[in-house]
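I have placed the structure first, in the form of structure tokens, so that the comments after it can refer back to it.
For reference, positions follow the sequence shown, starting with 1. Model, not experiment: these values are computed from the prediction.
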Amino acid sequence: MSASTLISGFENPVLDSLSNFRQLSDAIARPGKIVALPKLIGPEGIYKASFSVLLTMLDAKSSLYLSDEYRIESVTKNVIFHCNCSCDVATEKADFALVNGNQALDFDHFNAGTDHDPHQSTTLLIEVDELAAGNVEALSTKLALSGPGIKTEHVISIEGLHASFIDYLTHRLHAFPTGLDMFFMTDDKVMAIPRTTHVAKIEEATSCM
């Protein structure tokens, strides 16, 4: 099968989308919790979890911004066919944006919503190399999460996250209730950090000689 060939969508679009939606709802309600979607599918050039999230969350009324690495036929053709949505929109007009966590991102270009309509903000879908719960030494970025949906503090580890994402999460350019909700994906895992979550970077201890 060539990279430009359409793939089959969910076997049962309604039930499969509902199964995924329940997991995504749990992820956004419990920031930092890593979930596995029960239904995974994807073409070349995009993680299976990422494409499954698109199939679950997007429809004909949605607009999607794709960063450069995802503007390839295998991705755009399948997004347009299965989601029936536009994927050729500017950042400030996008309901959703699929971006690579390894690349720098200018968050000022995205719609953060308004005090009256915060729900109109862009939701970022971010592909990273690895996600793990706890302080995992092998992964380069450790973040401490607190706020709604977290009892005390929840520590996560991420590999493949550019410093621009960490800077936005820890400094929050937009005042609540405005802001950007984020989903982080590997090929088979998803984790959410909504705008309500406070994020602090855990600095690595250094030994003195």
Side-chain angles (χ1 to χ4, degrees), residues 1-13 16-17 19-21 23-24 27-28 34-107 109-111 122-132 139-141 156-166 168-169 180-193:
M1 183 176 72
S2 70
S4 63
T5 303
L6 284 173
I7 65 168
S8 299
F10 288 144
E11 183 176 348
N12 189 319
D16 292 349
S17 292
S19 296
N20 280 355
F21 186 76
Q23 290 295 95
L24 294 174
I28 201 75
I34 296 173
V35 302
L37 300 184
K39 303 296 180 181
L40 289 174
I41 187 170
E44 294 180 28
I46 185 175
Y47 286 154
K48 291 184 180 67
S50 302
F51 193 69
S52 294
V53 169
L54 295 180
L55 291 185
T56 302
M57 301 181 72
L58 275 64
D59 57 26
K61 296 180 180 179
S62 305
S63 57
L64 173 67
Y65 167 80
L66 296 172
S67 60
D68 290 344
E69 52 266 66
Y70 304 110
R71 295 178 192 174
I72 55 177
E73 189 176 7
S74 60
V75 175
T76 59
K77 187 175 181 179
N78 279 286
V79 168
I80 292 169
F81 180 78
H82 289 291
C83 301
N84 193 27
C85 72
S86 171
C87 61
D88 187 25
V89 297
T91 52
E92 64 271 14
K93 296 184 180 297
D95 299 315
F96 298 88
L98 178 65
V99 298
N100 188 325
N102 285 280
Q103 304 299 321
L105 196 68
D106 189 342
F107 293 87
H109 290 173
F110 293 95
N111 178 13
T122 302
T123 297
L124 297 183
L125 310 175
I126 305 156
E127 290 198 341
V128 296
D129 298 334
E130 188 57 85
L131 293 168
L139 305 188
S140 60
T141 300
I156 59 168
S157 298
I158 305 177
E159 187 65 36
L161 193 62
H162 190 272
S164 58
F165 290 86
I166 301 168
Y168 177 83
L169 286 167
L180 304 171
D181 295 326
M182 302 183 188
F183 286 90
F184 297 85
M185 290 91 57
T186 66
D187 197 45
D188 60 354
K189 292 179 284 190
V190 181
M191 182 199 70
I193 300 181

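The side-chain heavy atoms of H82 and I7, taken from C-beta on, include a pair separated by under 4.5 Å. Contact annotation: the side chain of L161 approaches that of F184 to within less than 4.5 Å [non-hydrogen atoms, C-beta and beyond]. L40 is not listed as a side-chain neighbour of Y47, based on a closest heavy-atom distance of 4.5 Å or more. Taking 4.5 Å as the limit, some side-chain heavy atom of L124 sits within range of a side-chain heavy atom of L105. Inter-residue side-chain proximity for T122 and T91 is flagged as unmet; no heavy-atom pair is nearer than 4.5 Å. Side-chain contact between I156 and M191 is present, with at least one heavy-atom pair separated by less than 4.5 Å. Side-chain contact between L139 and L131 is absent, with no heavy atoms from C-beta onward closer than 4.5 Å. With a 4.5 Å cut-off on side-chain heavy atoms, M185 and L98 count as touching.
Residue L66 comes nearest to C87 through the heavy atom pair CD1-CB, 4.0 Å, listed as atom of the first residue, atom of the second, then distance. When all heavy atoms of E44 and V75 are compared, the pair lying nearest together is O-CG2, 3.7 Å. When all heavy atoms of D129 and G160 are compared, the pair lying nearest together is OD2-CA, 3.4 Å. In this structure, V190 and A49 approach most closely via the heavy-atom pair CG2-CB, 4.1 Å. Across A27 and A192, no two heavy atoms sit closer than the pair O-CB, 3.6 Å.
Applying the salt bridge (charged side-chain N to carboxylate O under 4.0 Å, His left out) criterion to E130, with sequence neighbours excluded, gives K189. Remark: Y70 pairs with no residue by the ring-ring contact (aromatic ring centres under 6.0 Å, His included) rule, at least two apart or across chains. With sequence neighbours left out, D68 forms a salt bridge (charged side-chain N to carboxylate O under 4.0 Å, His left out) with R71. For the side-chain hydrogen bond (donor to acceptor under 3.5 Å, both in side chains) test, residues two or more places apart in sequence or in another chain that qualify with D188 are T186. For H162, the side-chain hydrogen bond (donor to acceptor under 3.5 Å, both in side chains) partners are S164, not counting sequence neighbours.
Proximity of a side-chain donor or acceptor of E159 to a complementary backbone N or O of S140 within less than 3.5 Å is detected. E127 places no side-chain N or O within donor-acceptor distance of the main-chain N or O of S50, the cut-off being under 3.5 Å. N100 places no side-chain N or O within donor-acceptor distance of the main-chain N or O of S67, the cut-off being under 3.5 Å. Between the side chain of S19 and the backbone N or O of P38 there is no donor-acceptor pair closer than 3.5 Å.
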Can you give each donor-acceptor pair under 3.5 Å made by side-chain atoms of residues 51-65, sequence neighbours left out, with the distance rounded to 0.1 Å?
| unit_1 | atom_1 | unit_2 | atom_2 | d |
| --- | --- | --- | --- | --- |
| S52 | OG | K39 | O | 3.1 |
| S52 | OG | I41 | N | 2.8 |
| S52 | OG | I41 | O | 3.4 |
| S52 | OG | K48 | O | 3.0 |
| T56 | OG1 | N20 | ND2 | 3.2 |
| T56 | OG1 | S52 | O | 2.8 |
| D59 | OD1 | K61 | N | 2.9 |
| D59 | OD1 | S62 | N | 3.4 |
| D59 | OD1 | S62 | OG | 3.2 |
| S62 | OG | D59 | N | 3.1 |
| S63 | OG | K93 | O | 3.0 |
| S63 | OG | D95 | N | 3.0 |
| S63 | OG | D95 | OD2 | 3.1 |

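Expressed to the nearest 0.5 Å, how far OG of S86 lies from CD1 of I80 amounts to 7.5 Å. The distance from the CG atom of L180 to the CD1 atom of I126 is 9.0 Å, given to the nearest 0.5 Å.
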(request) Apply side chain to side chain contact (heavy atoms under 4.5 Å, CB included) to the pair F165 and I193, showing each step before the final yes or no. (result) CA-CA 12 Å; F165 290 86; I193 300 181; over 6 Å; no
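Within 6.0 Å of atom CG in D88, 12 or fewer heavy atoms from other residues, nucleotides or ligands are found, so the atom counts as exposed in its surroundings.
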